[in-house]
Each structure stands twice: as structure tokens, then as C-alpha cells.
There are 2 protein chains.
Amino acid sequence: MEFDKLVHQPTRLQLFAHLYANGETSFSALTDDLEITEGNLASHIGKMEEADCVAVNKQFVDGSPQTTYRLTEHGEDLFEAHVQTLEELIDGLDS
Amino acid sequence: MEFDKLVHQPTRLQLFAHLYANGETSFSALTDDLEITEGNLASHIGKMEEADCVAVNKQFVDGSPQTTYRLTEHGEDLFEAHVQTLEELIDGLDS
DNA sequence: AATGTGACTTTGTATCACAAAGTATTATGT
DNA sequence: ACATAATACTTTGTGATACAAAGTCACATT
């Protein structure tokens with residue numbers, strides 16, 4: 001039973017889950033939905049990028065910058081593995 | 001979606017799960033099963049005690065000290081709530 | 001009394017999350 | 001062209017945290 005610290009950390013776990021469930025999502029949508037500060041989001045997303053878990057897309061929409069993020073395949077794989085680890089832990093409670 | 005840091009931390013999450021599933025467990029069984037050092041176990045269990053999540057029982061068995069731990073009701077409640085939070089996160093992935 | 005075992009406690013360190021404030025990029029308005 | 005505004009970061013500082021390693025303590029047996 002191993003926990004990947006990158007994925008398990010609460011804020012990032014929610015980021016992974018959000019991106020996994022909702023697909024490509026904008027910076028501001030993430031700060032709004034997860035109720036975290038911009039600095040914090042940038043920091044956590046940065047670590048996910050470094051680990052090749054997240055791909056970034058920057059563009060201008062209606063005259064304003066808009067950055068969107070999505071999970072890479074590797075990010076999806078890591079998250080799925082982590083969810084499985086959690087499910088195993090939960091399933092093991094019945095025994 | 002809130003994560004209780006006390007419960008979510010990987011080593012303690014496994015401690016909670018182990019005590020929840022197996023009931024009263026000895027110090028040495030915990031270091032063996034979770035593969036953590038004695039110092040580390042003492043430290044994490046200490047935090048769980050402080051939070052009234054764990055009850056301790058010290059005795060001598062066959063001339064050797066043996067400490068056992070079990071979850072308090074409060075500990076069980078906290079863990080169950082946390083598991084539910086995790087399940088909700090996982091269930092939300094389908095949408 | 002001396003030794004041994006189990007269960008801690010102490011000490012030190014490196015990492016980390018977070019908040020707050022500062023900065024950079026580009027668009028729009030005048 | 002210049003100033004301003006909006007988004008998306010980056011920097012700085014701080015307090016908390018996990019962990020390893022080593023030291024200590026209580027009690028029982030010999």
C-alpha cells in the first residue's frame with residue numbers, strides 16, 4: 001500500500017479529480033471551484049506540470065488572457081492508480 | 001469537500017484503517033504491518049491520542065511490555081467521515 | 001545488581017503548504 | 001503612444017510537518 005505524495009496531497013488530489021472529471025479547465029475556474037488562492041493554484045499546478053501530469057494552454061479570450069489545464073495521459077494514469085489504492089484501502093475495511 | 005489533515009496524512013490514514021479493520025492492535029504489530037519505525041509510529045499515534053482518536057492499553061505479557069491501541073468512538077467517526085469524503089470524490093469522477 | 005526488551009522521547013533536518021505581496025504580459029480605451 | 005485593467009503567475013517569508021537516528025526509560029527476569 002503506497003501513497004504517491006504528489007497525488008495524495010489534499011489540494012492536488014482535488015485538482016486531479018477535477019481535471020479528471022471535467023477535462024480541460026481554466027485557471028480562474030479552478031480557483032473558484034476549489035476555493036484556493038491564485039498563488040496556491042499556480043504552485044500546485046506547477047508541481048503537477050513538472051511531473052508531466054498536466055498540459056497547459058495559454059490564449060486570449062475576449063481580450064483577456066486565459067490559461068487552461070488538462071491532465072496528460074501520465075497524469076490520468078497516476079490518478080487512476082491512486083484512486084485504486086484508496087479503493088483497496090476502503091475495501092479492506094470489511095475484512 | 002474538506003480533508004481532515006489528521007486523518008488524511010498517509011501513515012495515519014493507514015493506521016486508522018488498520019485499527020478500524022482489525023480492532024485493538026499492539027505497537028509491534030503496527031510497526032511490522034505498516035513497515036514504519038518505532039519513533040514514527042509513536043509520533044503519529046501520539047497525535048491521534050491527542051485528538052482523542054486512540055485509546056491506549058499498557059500491560060506486561062510474558063515478562064515483556066506490550067502496548068495496544070484501539071480507535072475511540074470519536075476516532076471511528078472521524079475515519080468514517082473521511083472515508084465517505086473519499087468515496088464522494090471517487091463517485092464524482094463518473095459525472 | 002545487571003541485563004534485556006519494548007516503547008517511547010529527543011534532536012536535527014529537509015520539505016512543504018500557505019498567505020501576502022509583488023511582477024509580467026497583453027488588451028483595451030483615450 | 002500611453003495609461004490602465006485583467007489574468008496569471010513569482011517571490012518572499014513563515015510556521016508546520018514528517019522522518020531518521022540516536023538516546024532514554026520502565027519494568028521483569030536472572
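Labels below follow one simple rule: chain letters A, B, ... track the order of the sequence lines, proteins then strands, and each chain is numbered from 1.
For the pair A/S28 and D/dT7, the criterion of a side-chain N or O lying under 4.0 Å from OP1 or OP2 is not met. Contact annotation: B/S64 does not reach the phosphate of D/dC27 (side-chain N/O to OP1 or OP2, under 4.0 Å). For D/dC19, the OP1/OP2 oxygens have a side-chain nitrogen or oxygen of B/H44 closer than 4.0 Å. Under 4.0 angstrom from either OP1 or OP2 of D/dC9 there lies no side-chain N or O belonging to A/S43.
The listed nucleotides are D/dA8, D/dT17, C/dT26; the one nearest the side chain of A/F60 is C/dT26. In this structure, of C/dT5, D/dA18, C/dA19, it is C/dA19 that holds the atom nearest to the side chain of A/N40. Here D/dA18 is the nucleotide among D/dA8, D/dA18, C/dA17 with the atom lying nearest to any side-chain atom of B/R12. Residue A/Q9 has its side chain nearest to C/dC18 when only C/dC18, C/dA7, D/dA8 are considered. Closest to the B/Y69 side chain, of the nucleotides C/dC18, C/dC8, D/dC19, is C/dC8. Relative to the side chain of A/F27, the nucleotides D/dC9, D/dC19, D/dT17 differ in distance, and D/dC9 lies closest. For B/K47, the side-chain atoms get nearest to D/dA18 when compared with the rest of D/dC19, D/dA8, D/dA18. Picking from C/dT9, D/dC9, D/dT7 the nucleotide with the shortest atom distance to the side chain of A/K58 gives D/dC9.
When the P atom of D/dA28 is taken as reference, atom CD of B/Q66 falls 14 Å away, rounded to whole Å. If you measure from atom CD of B/Q14 to atom C1' of D/dA18, you get 14 Å, rounded to the nearest angstrom. As rounded to whole Å, 10 Å separates atom P of C/dA7 from atom CD of B/Q59. Rounded to a whole Å, the CD atom of B/E49 is 8 Å from the P atom of C/dC8. Following rounding to the nearest Å, A/L15 (CG) and C/dA17 (C1') show an atom-to-atom distance of 13 Å. Rounded to whole Å, atom P of D/dA18 lies 12 Å from atom NE2 of B/H8. Rounded to whole Å, the distance from CD1 on A/I45 to C1' on C/dA17 is 16 Å. Straight-line distance from the CD atom of A/E38 to the P atom of C/dA17: 19 Å, rounded to whole Å.
For the pair B/G63 and A/G39, both in contact range of DNA chain C, the more 5′-proximal nearest nucleotide belongs to B/G63.
Across all non-hydrogen atoms, the minimal contact from B/C53 to B/L78 is SG-CD1, 3.6 Å. In terms of heavy-atom proximity, B/Q9 sits nearest to B/H44 at OE1-CE1, 3.5 Å. Summarising the geometry of B/L30 relative to B/I36, their closest heavy-atom pair is O-CG1, 4.4 Å, with the distance given to 0.1 Å.
If you check every strand for non-hydrogen atoms under 4.0 Å, B/T11 touches sugar and phosphate atoms only.
Using bins of under 30°, 30° to 60° and over 60° for the plane-to-plane angle, the ring pair B/F3/B/H8 lands in the tilted bin.
Within 6.0 Å of CD on B/Q59 lie more than 12 heavy atoms contributed by other residues, nucleotides or ligands. Annotation: B/E73, atom CD; neighbour count of heavy atoms from other residues, nucleotides and ligands within 6.0 Å does not exceed 12.
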